[in-house]
2 protein chains.
Amino acid sequence: MQLCFTEGFPLPQPSKSTVLDTFDRKILDILQRDNTTPQRTIGEAVNLSAPAVQRRIKRMTTDGVIQANVAVIDPDALGQAITIFVEVEVISETAAQIEQAKREFSAVPEVQQCYYVTGAADFILIIVVPSMADYEALTRRLFFGNNNVKRFRTFVAMDRVKVGLSVPTSTA
Amino acid sequence: MQLCFTEGFPLPQPSKSTVLDTFDRKILDILQRDNTTPQRTIGEAVNLSAPAVQRRIKRMTTDGVIQANVAVIDPDALGQAITIFVEVEVISETAAQIEQAKREFSAVPEVQQCYYVTGAADFILIIVVPSMADYEALTRRLFFGNNNVKRFRTFVAMDRVKVGLSVPTSTA
DNA sequence: CCTTCGGTGAAACAAAGTTGCATAGAACGC
DNA sequence: GCGTTCTATGCAACTTTGTTTCACCGAAGG
């Protein structure tokens, strides 16, 4: 285990232009919900033998279609109860400075998700902290201490209505 | 398996006030990164036997600390390439109407995450769609078709810089 | 028509998860 | 202080699951 995760998923190389057939999609659909499902059970669900399922999973894993297998933890249980959204607007949008910002935001463990977006803001962060005091300290370090941050808007989550990373698998 | 997932995690009953010791936190830290890690390996990492690890995982699962075990899929591989943020502002904030909105948003498969927040907006949605045309259709159905939606602002993600649900496990 | 290649299922095998049991330590009451 | 109880542990057997091997089938192409 010498992989260097900055925390969060490394978002590896873009998946090779793999063609996913109906079997693959059905398998992914199951794994997205519960990746502890036995391959035999998956096999029955999709009408395939266990080894066939296993080969497909292995292929999709090496191809980067399956990026990670993780447990989802209740933040409350860890005392990390507050989820916060931040829209960040930067002053200078040169490529170098954007990359710099990406690296800075990603490096913070409390930053669960970070997106570079178009629109009224440049970055959107999803942050999880134990208390508002911690968030306050974080803003001081991350935003006020960064002279390329023009403005940021904070939204505090009162309810995590739906949380997931599941992607619709339908061919639609 | 007769659980009824609306898609996304059901966010079960609030975890009982379980006390998590250092062992638990270390185990969670590992499972958050890779829940395919053998229990024996985890045991070595935390200085515990495999059955001990297994019992703790089982307890945390039934207690709701571990909410789900899932595979993380690359949206690109499924042709669901566009990630979009939406800030939704509603007109009337009665309890009933908020609950109604929560249900409506949660029911949509393309809505990966939905939060009820304080601040300039009421809801924040994270949506994944194959194309802008699909998003346009979705807005028509979800926002313009809902007469309690006052306003919504869209942000399109150009880069998923960091994506994860990992919660810091440090006792801090 | 034959060959090749990708994919499959059945069976054997290896590795992981799971259970039962005896034990060690902490908290408590006597 | 002594014994009881409760909790959690490790070890070892056991079960389930993942993995590999191999022969076979069907489609694509010469």
Side-chain angles (χ1 to χ4, degrees), chain A residues 1-3 12 15-74 77-79 169 171, chain B residues 1-3 5 9 12 15-74 77-79 169 171:
Chain A
M1 180 61 93
Q2 51 183 355
L3 290 175
S15 55
K16 295 156 192 168
S17 55
T18 317
V19 186
L20 301 180
D21 60 17
T22 311
F23 285 132
D24 291 323
R25 289 176 184 273
K26 282 185 184 173
I27 293 172
L28 289 178
D29 195 45
I30 294 171
L31 292 181
Q32 270 194 133
R33 294 193 168 73
D34 181 7
N35 69 356
T36 65
T37 311
Q39 295 174 349
R40 291 155 212 254
T41 308
I42 299 177
E44 292 170 16
V46 303
N47 278 323
L48 230 51
S49 72
V53 172
Q54 127 93 346
R55 279 186 289 265
R56 284 166 179 272
I57 293 177
K58 188 176 180 182
R59 173 173 51 79
M60 291 191 284
T61 302
T62 58
D63 286 0
V65 175
I66 298 175
Q67 296 186 326
N69 289 283
V70 304
V72 180
I73 312 295
D74 180 10
L78 290 167
T169 50
T171 322
Chain B
M1 179 61 89
Q2 52 184 353
L3 290 176
F5 288 157
F9 317 128
S15 55
K16 295 155 192 169
S17 55
T18 316
V19 185
L20 301 180
D21 60 16
T22 312
F23 285 133
D24 291 324
R25 288 175 184 273
K26 283 185 183 172
I27 293 172
L28 289 178
D29 195 47
I30 294 172
L31 292 180
Q32 269 194 132
R33 295 193 166 74
D34 181 7
N35 69 355
T36 65
T37 311
Q39 294 174 349
R40 295 158 211 259
T41 308
I42 299 177
E44 293 170 16
V46 303
N47 277 323
L48 229 51
S49 72
V53 172
Q54 126 93 345
R55 278 185 286 264
R56 284 166 179 272
I57 293 177
K58 188 177 182 183
R59 174 174 49 79
M60 291 191 285
T61 302
T62 58
D63 285 0
V65 176
I66 297 175
Q67 297 188 325
N69 289 284
V70 304
V72 179
I73 311 295
D74 180 11
L78 290 167
T169 50
T171 322

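The shown structure was predicted, so the numbers you read here are calculated from the model rather than taken from an experiment. In what follows, every chain begins at residue 1, and chains take the letters A, B, ... in the order their sequences are listed.
- With rounding to whole Å, N35(A) atom CG is found 14 Å from dT17(D) atom C1'.
- When rounded to the nearest whole Å, the span between CG of D24(B) and P of dA8(D) equals 10 Å.
- Spacing between atom CZ of F23(B) and atom P of dT9(D) amounts to 7 Å, rounded to whole angstrom units.
- Taking atom CG of residue D34(B) and atom P of nucleotide dA16(C), one finds them 13 Å apart after rounding to whole Å.
- One can place CZ of R59(B) at 18 Å from P of dG17(C), the figure rounded to the nearest angstrom.
- The stretch residues 35-58 of chain B participates, sequence neighbours left out, in these salt bridge (Lys or Arg N to Asp or Glu O under 4.0 Å) pairs: D21(B)-R56(B), D24(B)-R56(B).
- Counting only heavy atoms from C-beta on, R56(B) has its side chain closest to dA8(D) among dG10(D), dG9(C), dA8(D).
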Output a table of nitrogen or oxygen pairs between the protein and nucleotides 19-26 of chain C separated by less than 3.5 Å.
none

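- Following rounding to the nearest Å, I42(A) (CD1) and dT19(D) (P) show an atom-to-atom distance of 11 Å.
- Rounded to whole Å, the distance from CZ on R40(A) to P on dT20(D) is 14 Å.
- Atoms CD (E44(B)) and C1' (dG10(D)) sit 14 Å apart, rounded to a whole Å.
- Of all nucleotides listed (dT19(D), dG10(D), dT8(C)), dT19(D) comes nearest to the side chain of Q39(A).
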